[in-house]
Amino acid sequence: MIAGIIDSSDNTKYWESALGGSFDCAVADDTGRLSACDIILVSQEYCCGAIGQVISSIRSSERLRSVPAAAVTSDPSCENQEILLAMGFDDIIRMPVCDSLLLRRTKALAAVPLRETAEAGSSFDRLLSFSDHEAGAFCVRSVEFTSIFRFVMRLLERSGSSAQMLVMSLSCAEDRGSELRKKNMNILSEAVRLCLRRGDMASVCGDNRIIVLLVGADDDGGHLVASRIVSCFYSECEDGAFELSYDLREVSGKR
């Protein structure tokens with residue numbers, strides 16, 4: 001899972017030490033630099049009086065508006081907590097906190113259901129008029145992938161059809177550091193996005209894997225997509241120490 005963190009880059013090592021066992025930490029100085037993530041942590045100390053603008057930016061972003069977000073603060077007052085919750089945060093994490101408790105709180109945050117927005121109202125007319133203009137695959141948080149996959153499997157079972165599960169794994173023979181690893185994972189994520197169709201689904205799982213569900217594809221089609229992703233990745237990756245491999249398996253609803 002990926003934790004998007006709005007904080008000073010000077011604190012990157014702290015976040016990686018505290019959460020690195022379960023989260024890939026992407027520390028950025030503003031929301032515009034955050035890519036797809038499973039949770040968002042915002043440092044009130046770093047943002048100072050602009051934390052309201054930060055959460056407003058998150059909730060107005062097409063990419064980030066539904067991602068669970070917590071404010072990280074050293075202010076223990078109930079008044080401050082009420083203000084932060086009213087701004088739109090899903091949780092408040094008070095500092096200082098031991099690493100084990102911080103990890104437990106962030107895992108709980110990742111399990112929070114996707115936030116419903118006013119635009120996502122459930123009126124019948126609105127649902128019928130819904131249109132997804134995003135190109136490429138449907139990219140979801142890793143915590144949602146399992147539920148959606150189970151739903152797709154039921155549809156495959158009903159129709160008697162099958163799909164291909166593609167797992168792209170990025171490894172490195174040498175220690176290149178977390179920043180370079182994140183950079184090349186971003187390259188891989190973009191390669192996946194460019195090479196997939198709108199009907200496919202993808203999710204970043206862990207710090208070195210992307211899982212893709214190719215709906216309606218056969219074995220040849222799955223290998224073709226994988227080859228495109230590999231070629232696209234290596235055309236952008238400048239470090240030969242990184243190796244991209246894949247595993248392709250059929251998932252079938254046929255009994």
Side-chain angles (χ1 to χ4, degrees), residues 1-31 33-48 51 54-55 58-59 64-115 140-147 149 167 169-172 175-186 189 203-211:
M1 291 188 290
I2 300 176
I5 302 169
I6 303 299
D7 197 2
S8 169
S9 58
D10 294 338
N11 294 327
T12 299
K13 289 185 177 180
Y14 164 74
W15 291 112
E16 291 179 342
S17 174
L19 305 178
S22 299
F23 290 88
D24 186 13
C25 299
V27 180
D29 55 4
D30 63 66
T31 56
R33 297 180 181 275
L34 287 182
S35 57
C37 49
D38 296 288
I39 63 169
I40 300 174
L41 304 178
V42 182
S43 168
Q44 184 177 27
E45 181 179 6
Y46 175 73
C47 296
C48 298
I51 192 169
V54 173
I55 188 61
I58 291 171
R59 294 307 176 213
L64 306 174
R65 64 173 54 175
S66 61
V67 179
V72 181
T73 178
S74 58
D75 184 344
S77 69
C78 293
E79 180 183 6
N80 184 57
Q81 294 172 23
E82 291 286 352
I83 291 173
L84 292 172
L85 289 175
M87 286 179 178
F89 284 101
D90 299 291
D91 196 6
I92 312 296
I93 299 178
R94 290 171 51 183
M95 302 294 279
V97 62
C98 67
D99 290 356
S100 58
L101 181 55
L102 177 60
L103 183 58
R104 182 176 300 181
R105 291 290 297 277
T106 50
K107 285 183 176 180
L109 182 66
V112 170
L114 289 176
R115 168 183 292 264
V140 300
R141 300 191 305 160
S142 57
V143 293
E144 270 80 53
F145 188 89
T146 300
S147 296
F149 175 75
V167 180
S169 300
L170 186 63
S171 59
C172 185
D175 184 7
R176 287 291 197 264
S178 60
E179 289 301 320
L180 192 54
R181 173 173 52 80
K182 291 176 184 177
K183 175 183 176 182
N184 285 295
M185 272 300 294
N186 287 336
S189 298
S203 180
V204 177
C205 297
D207 59 0
N208 71 329
R209 291 192 306 164
I210 295 181
I211 298 180

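Side chains are part of it too, since the values below use all heavy atoms of this structure and drop only hydrogens, waters and symmetry mates. We number each residue from 1, following the sequence as shown. Computed from a prediction, not measured in an experiment: that's the story for all the values here.
Rounding to the nearest 0.5 Å places OG of Ser17 at 5.5 Å from CG of Asp99. Taken to the nearest 0.5 Å, the OG atom of Ser74 stands 9.0 Å off from the CE atom of Met95. Note that the CG atom of Asp29 and the CD1 atom of Ile5 stand 13.5 Å from one another [nearest 0.5 Å]. Going from atom CG of Leu84 over to atom CD of Glu79 covers 10.5 Å, rounded to the nearest 0.5 Å.
At distances below 3.5 Å, at least one donor-acceptor pair connects side-chain atoms of Arg105 with backbone N or O atoms of Ile92. Of the possible donor and acceptor atoms, none in the side chain of Ser22 sits under 3.5 Å from a partner among the backbone N and O of Leu19. The main-chain N or O of Ala69 is found under 3.5 Å from a side-chain atom of Asp90 such that the two form a donor-acceptor pair. Using a distance-only test at 3.5 Å, with no hydrogens or angles considered, a donor-acceptor pair links the side chain of Arg59 to the main chain of Arg65. No donor-acceptor pair under 3.5 Å is formed between the side chain of Asn80 and the backbone N or O of Ile83. At distances below 3.5 Å, at least one donor-acceptor pair connects side-chain atoms of Thr12 with backbone N or O atoms of Ser9.
Residues Ile6 and Leu34 are in side-chain contact: their nearest non-hydrogen atoms beyond the backbone lie under 4.5 Å apart. For the pair Asp24/Arg181, a side-chain contact is recorded, criterion being any heavy-atom separation below 4.5 Å from C-beta on. The shortest side-chain heavy-atom distance between Asp91 and Pro68 does not fall under the 4.5 Å cut-off. With a 4.5 Å cut-off on side-chain heavy atoms, Ile40 and Phe89 do not count as touching. With contacts defined as side-chain heavy-atom distances shorter than 4.5 Å, the pair Asn184/Leu170 qualifies. At least one side-chain heavy atom of Phe23 sits under 4.5 Å from a side-chain heavy atom of Ile39. When side chains are defined from C-beta on, Cys37 counts as touching Leu64, because their heavy atoms get closer than 4.5 Å.
Annotation for Ala110 and Met1: closest pair CB-SD, 3.9 Å, computed over non-hydrogen atoms. Scanning all heavy atoms of the two residues, the minimum distance from Arg94 to Val97 falls at O-CB, 3.6 Å. Minimum heavy-atom separation, Met185 to Asn208: SD-CA, 3.7 Å. Of all heavy-atom pairs between Ser8 and Val27, the closest is O-CG1, 3.8 Å.
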Note to self: If you apply the rule side chain to side chain contact (heavy atoms under 4.5 Å, CB included), what do you find for Trp15 with Leu41, and how did you get there?
What the structure shows: CA-CA 10 Å; Trp15 291 112; Leu41 304 178; 3.7 Å; yes
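In this model, a donor atom of one side chain and an acceptor atom of the other lie less than 3.5 Å apart for Ser77 and Asp75.
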